[in-house]
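The structure appears below as structure tokens.
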Amino acid sequence: MEIAEDADSLRAQERENIIMNYEKGHRAGLPEDMGPEPVGIYSSTDRFGIVHETELPPATAREVKQMRREITRKSKWMEMLGQWETYKNSKKLIDRVYKGIPMNIRGQVWSVLLNIQEVKSKNPRTYKVMKEKGKRSSEHIHQINVDISKTLRTHIFFRDRYGAKQRELFYILLAYSEYNPEVGYCRDLSPIAALFLLYLPEEDAFWALVQLLASERHSLQDLSWAHPAPVGRVFAGRRTGVDADDKHCL
């Protein structure tokens with residue numbers, strides 16, 4: 001009996017330590033004498049946010065062409081967003097998603113495609129409640145913590161251990177494990193939620209995950225159980241408007 005109580009006490013202390021580290025922020029993951037990120041890091045960060053070991057060379061002709069193509073696509077997407085009721089179920093929308101959604105409006109487009117604002121307005125306190133419940137009782141907190149430490153670590157947003165985006169990802173995954181106990185948590189959820197966080201605010205990214213997995217229109221939940229690894233690949237592909245040149249950011 002004492003051994004069981006000691007084990008429970010140890011797990012509870014580990015839970016408290018994990019939560020404290022995320023609430024403390026990125027300084028919890030750094031030695032005391034480490035300073036801020038060096039300014040030179042930006043010269044080795046590509047346009048997708050991936051940090052490379054050496055300074056990047058000038059953009060190639062292919063990369064310049066890709067950036068120009070995105071400018072053209074953006075104007076077409078802005079026109080489509082302005083007439084959403086006309087285009088929302090059209091073949092043109094499908095075609096443009098498969099070609100790729102420009103990065104600087106990807107969050108805006110995903111928000112409309114996944115109907116995030118409507119579902120959020122119908123559930124104004126749900127995310128906050130699920131997040132707090134997850135902190136108190138999620139059985140997945142230890143695995144979530146481990147997986148976050150390995151998620152998108154070459155991306156500048158997720159580079160710092162316990163940094164702002166890691167903290168948001170932690171809260172989203174805890175909240176989702178409570179919101180959808182049938183799924184709870186599986187490892188594919190971490191990179192998917194992290195990708196949402198590159199383009200959406202924290203609560204919007206949570207509802208994007210909910211809509212993608214559980215809404216009647218998208219419903220990837222069954223796929224995540226039957227074939228856990230492919231879910232990330234399906235999401236990373238063109239069905240979500242991630243251009244072919246963007247996929248390496250996963």
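Ring geometry for Y176 versus Y179: interplanar angle of 30 to 60°, hence tilted. Note: F196 and W110 have perpendicular aromatic rings, judged against thresholds of 30 and 60 degrees for the angle between ring planes.
Hydrophobic clustering (ILVMFWY, side-chain heavy atoms < 4.5 Å, transitive): M67 and M78 are in distinct clusters. Cluster annotation: V97 and L81 are assigned to the same hydrophobic cluster (Ile/Leu/Val/Met/Phe/Trp/Tyr, side-chain heavy-atom contacts under 4.5 Å, transitive). No chain of hydrophobic side-chain contacts below 4.5 Å, direct or via other Ile, Leu, Val, Met, Phe, Trp or Tyr residues, connects V64 to M103.
Of the possible donor and acceptor atoms, one in the side chain of R15 sits under 3.5 Å from a partner among the backbone N and O of K135. Judged purely by atom type and a 3.5 angstrom limit, R159 has no side-chain atom pairing as donor or acceptor with the backbone of R153. Using modelled atom types, no side-chain atom of K120 and backbone atom of D204 make a donor-acceptor pair closer than 3.5 Å. Checking side-chain atoms of S137 against main-chain N and O of K133 turns up a donor-acceptor pair under 3.5 Å. Listed for the Q108 side chain is no donor-acceptor partner under 3.5 Å among the backbone atoms of I105. Between the side chain of H140 and the backbone N or O of C186 there is no donor-acceptor pair closer than 3.5 Å. In terms of modelled atom types and a separation under 3.5 Å, the side chain of R187 and the main chain of Q143 share no donor-acceptor contact. Judged by distance alone, with hydrogens and angles left aside, the side-chain atoms of R73 form a donor-acceptor pair with the main-chain N or O of K99 at under 3.5 Å.
The one candidate from I192, D147, I141, L189 that meets the side chain to side chain contact (heavy atoms under 4.5 Å, CB included) condition with L173 is L189.
The line from CD of E14 to OG of S9 is 10.0 Å long, rounded to the nearest 0.5 Å.
Two rings, from Y87 and W77, have their centers 6.0 Å or more apart.
Other residues, nucleotides and ligands contribute over 12 non-hydrogen atoms within 6.0 Å of the CD atom of E23.
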Stepwise side chain to side chain contact (heavy atoms under 4.5 Å, CB included) check, T72 with K76: CA-CA 7 Å; T72 303; K76 292 178 180 178; 4.1 Å; yes
Take L113 and W84, measure what side chain to side chain contact (heavy atoms under 4.5 Å, CB included) needs, and give me the verdict at the end. CA-CA 10 Å; L113 287 173; W84 187 247; 3.7 Å; yes
One pair to check against side chain to side chain contact (heavy atoms under 4.5 Å, CB included): H155 and K165. What are the steps and the verdict? CA-CA 10 Å; H155 195 285; K165 287 297 178 182; over 6 Å; no
Residues S111, W207; criterion side chain to side chain contact (heavy atoms under 4.5 Å, CB included); working and verdict: CA-CA 9 Å; S111 183; W207 287 114; over 6 Å; no
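Under 4.0 Å is where a charged nitrogen must lie from a carboxylate oxygen, and between K122 and E118 at least one such pair does.
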